[in-house]
There are 2 protein chains.
Amino acid sequence: MPSSVTDERLVAQLKALAHPARLKILDLLAARGDCICGEVVNVLPLTQSTVSQHLKILKEAGLLIGTIDGTRSCYSLDSQAFGVSQRALTNRLAVYEACEEDDEG
Amino acid sequence: MPSSVTDERLVAQLKALAHPARLKILDLLAARGDCICGEVVNVLPLTQSTVSQHLKILKEAGLLIGTIDGTRSCYSLDSQAFGVSQRALTNRLAVYEACEEDDEG
DNA sequence: ATCGTACATCGTCGATAGACGATTAAGGAA
DNA sequence: TTCCTTAATCGTCTATCGACGATGTACGAT
């Protein structure tokens, strides 16, 4: 019953997810385990500053973990955070899905 | 492998979900089964035109079904659509979640 | 100390989102 | 028909998003 994720936080995460470039970044990180910023820049048709901005947004939404490695920034998915938000989202959507109109009579 | 939901569509649905007022509308519909526009207006601290706009966005994202009932518009959740998008989202997030960094060696 | 690399941040600009009031469209009641 | 109710749409305004180039910052090599 305690949702453990506020509406506000859920909205923030949904906003972070709701962009094609950011979904691509997540896919990339899921595929490779981790990436430095430059690798993401090489894959996406976007400039370095734009990619950096997207990474920041994902990080602020709590979906990514970023570590400094010398002059490089290494990013990886925050699997735990995804577990939490996945459950929150799934619960939410499941409620909506379960809400069949039962006035079929 | 066929995702059955394009990235584009997923992004559109995430955008539709990523607004507090629209989450509230979905909650309301889940709780009541269906609502006419005016009921939603009475519950939310927003004007009729704004609420109507939000309902339109949710409908265009394929999350709501709207039926005309005399001069009223009756909205209800499209449970089937939620089933589909829930699976799409859940799959996506599950991949991210499952992607533990296994380079612990 | 100087230079090069890698990334973050700043400033800007056009496009989009979100709110509102006003108007329009359409059904029901007199 | 005329009027009232309900809701969709239009026009406008502000705020935020998303892209970019330019600049700043920090580390590594020379």
Side-chain angles (χ1 to χ4, degrees), chain A residues 7-29 32-78, chain B residues 7-29 32-78:
Chain A
D7 266 30
E8 194 182 2
R9 175 152 184 74
L10 180 58
V11 166
Q13 291 185 336
L14 288 168
K15 277 188 188 171
L17 290 171
H19 191 286
R22 294 197 285 267
L23 283 183
K24 283 257 196 276
I25 290 174
L26 296 178
D27 286 346
L28 192 64
L29 292 179
R32 300 196 183 180
D34 52 40
C35 271
I36 63 171
C37 178
E39 290 182 280
V40 182
V41 173
N42 287 336
V43 170
L44 297 186
L46 295 170
T47 65
Q48 180 268 323
S49 61
T50 302
V51 168
S52 190
Q53 180 68 13
H54 283 308
L55 288 168
K56 183 182 181 184
I57 289 168
L58 288 168
K59 194 170 154 192
E60 284 177 350
L63 302 175
L64 293 190
I65 297 174
T67 59
I68 306 289
D69 172 25
T71 83
R72 292 141 191 249
S73 285
C74 189
Y75 290 94
S76 59
L77 299 179
D78 185 340
Chain B
D7 266 29
E8 194 181 2
R9 175 151 183 74
L10 180 59
V11 166
Q13 291 185 335
L14 287 168
K15 276 190 188 172
L17 289 170
H19 191 286
R22 294 198 285 268
L23 283 183
K24 283 258 197 279
I25 290 174
L26 296 178
D27 286 345
L28 193 62
L29 292 180
R32 300 195 183 182
D34 52 39
C35 272
I36 62 171
C37 177
E39 291 182 280
V40 182
V41 173
N42 287 336
V43 170
L44 297 185
L46 295 169
T47 65
Q48 180 268 324
S49 61
T50 302
V51 168
S52 190
Q53 180 67 12
H54 283 309
L55 288 168
K56 183 182 181 183
I57 289 169
L58 288 168
K59 194 171 153 190
E60 284 177 349
L63 302 174
L64 294 190
I65 297 174
T67 59
I68 306 289
D69 173 25
T71 83
R72 292 137 192 254
S73 284
C74 190
Y75 290 93
S76 58
L77 299 178
D78 185 341

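Hydrogens, waters and symmetry mates play no part in the numbers below; they use all other heavy atoms, side chains included. So that the names make sense, note that chain A is the first sequence line, chain B the second, and so on, each numbered from 1.
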Undergrad: Give me the atom names and distance for the closest heavy-atom approach of B/Ile65 to B/Leu77.
TA: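 Of all heavy-atom pairs spanning B/Ile65 and B/Leu77, the closest is CD1-O, 4.4 Å.
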
Undergrad: Which residue pairs pass the salt bridge (Lys or Arg N to Asp or Glu O under 4.0 Å) test with at least one member in residues 59-71 of chain B, sequence neighbours excluded?
TA: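 Residue pairs passing salt bridge (Lys or Arg N to Asp or Glu O under 4.0 Å), neighbours aside: none found.
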
Undergrad: Need one value for A/Leu55: base, sugar-phosphate or nothing, where a base atom within 4.0 Å counts as base even if backbone is also close, heavy atoms only.
TA: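 Contact class for A/Leu55: none.
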
Undergrad: Atom OG in A/Ser73, atom CG in A/Asp34: separation rounded to 0.5 Å?
TA: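 So the OG of A/Ser73 and the CG of A/Asp34 are separated by 12.0 Å.
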
Undergrad: Only pairs at least two apart or in different chains count here, so list each salt bridge (Lys or Arg N to Asp or Glu O under 4.0 Å) that has a residue in residues 39-48 of chain B.
TA: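 Checked against salt bridge (Lys or Arg N to Asp or Glu O under 4.0 Å) - neighbours excluded - the pairs reaching residues 39-48 of chain B are B/Arg32-B/Glu39.
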
Undergrad: At under 4.0 Å between heavy atoms, which parts of nucleotides 22-30 of chain D does protein reach? Answer with one letter per nucleotide, 5' to 3': B base, S sugar-phosphate only, - none.
TA: B----B---

Undergrad: When the distance from NE2 of B/His54 to P of D/dT9 is rounded to whole Å, what number comes out?
TA: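 Whole-Å distance recorded here is 15 Å.
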
Undergrad: Kindly state which residues belonging to residues 13-24 of chain A come within less than 4.0 angstrom of DNA chain D, counting heavy atoms of the residue only, listed by number.
TA: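 Those residues whose heavy atoms fall under 4.0 Å from DNA chain D, taken from residues 13-24 of chain A in numerical order, are A/His19, A/Arg22.
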
Undergrad: Quick check for you: to the nearest 0.5 Å, what is the distance between A/Asn42 atom CG and A/Ile36 atom CD1?
TA: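 Going from the CG atom of A/Asn42 to the CD1 atom of A/Ile36 covers 8.5 Å.
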
Undergrad: Could you pick out which residue, A/Ser73 or B/Thr47, lies toward the 5' side of DNA chain C when each is mapped onto its nearest nucleotide?
TA: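 Upstream on the strand: A/Ser73.
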
Undergrad: Run the side-chain donor-acceptor check on residues 11-25 of chain A: report pairs under 3.5 Å with partners two or more places apart or on a different chain.
TA:
from	atom 1	to	atom 2	distance (Å)
A/His19	ND1	A/Ala21	N	3.0
A/Arg22	NE	A/Ala16	O	2.7
A/Arg22	NH1	A/His54	ND1	3.0
A/Arg22	NH2	A/Lys15	O	3.2

Undergrad: Rounding to an integer number of Å, can you tell me how far A/Leu46 CG sits from D/dC17 C1'?
TA: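 Interatomic distance, CG of A/Leu46 to C1' of D/dC17: 14 Å.
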
Undergrad: What is the minimum heavy-atom distance between A/Tyr75 and A/Leu55, and which atoms define it?
TA: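 Nearest heavy atoms, A/Tyr75 then A/Leu55: CE1-CD1, 3.6 Å.
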
Undergrad: Please identify the 5'-most and 3'-most nucleotides of DNA chain C with any atom under 4.0 angstrom from a heavy atom of chain B.
TA: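 So the outermost contacting nucleotides come out as C/dG18 to C/dG28.
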
Undergrad: At 4.0 Å (heavy atoms only), tell me whether B/Thr50 reaches a base, stays on the sugar-phosphate, or touches nothing.
TA: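 Base contact.
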
Undergrad: State the CG-CG distance between B/Leu58 and B/Leu29, to the nearest 0.5 angstrom.
TA: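 Here the rounded value is 8.5 Å.
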
Undergrad: To the nearest angstrom, how far is A/Lys56 atom NZ from D/dT16 atom P?
TA: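 Distance check: A/Lys56 NZ to D/dT16 P gives 15 Å.
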
Undergrad: Any side-chain heavy-atom pair from B/Val41 and B/Leu46 closer than 4.5 angstrom?
TA: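 Side-chain contact under 4.5 Å: no.
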
Undergrad: Could you tell me the separation between the CG atom of B/Asn42 and the P atom of D/dT5, rounded to a whole number of Å?
TA: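 These atoms are roughly 14 Å apart.
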
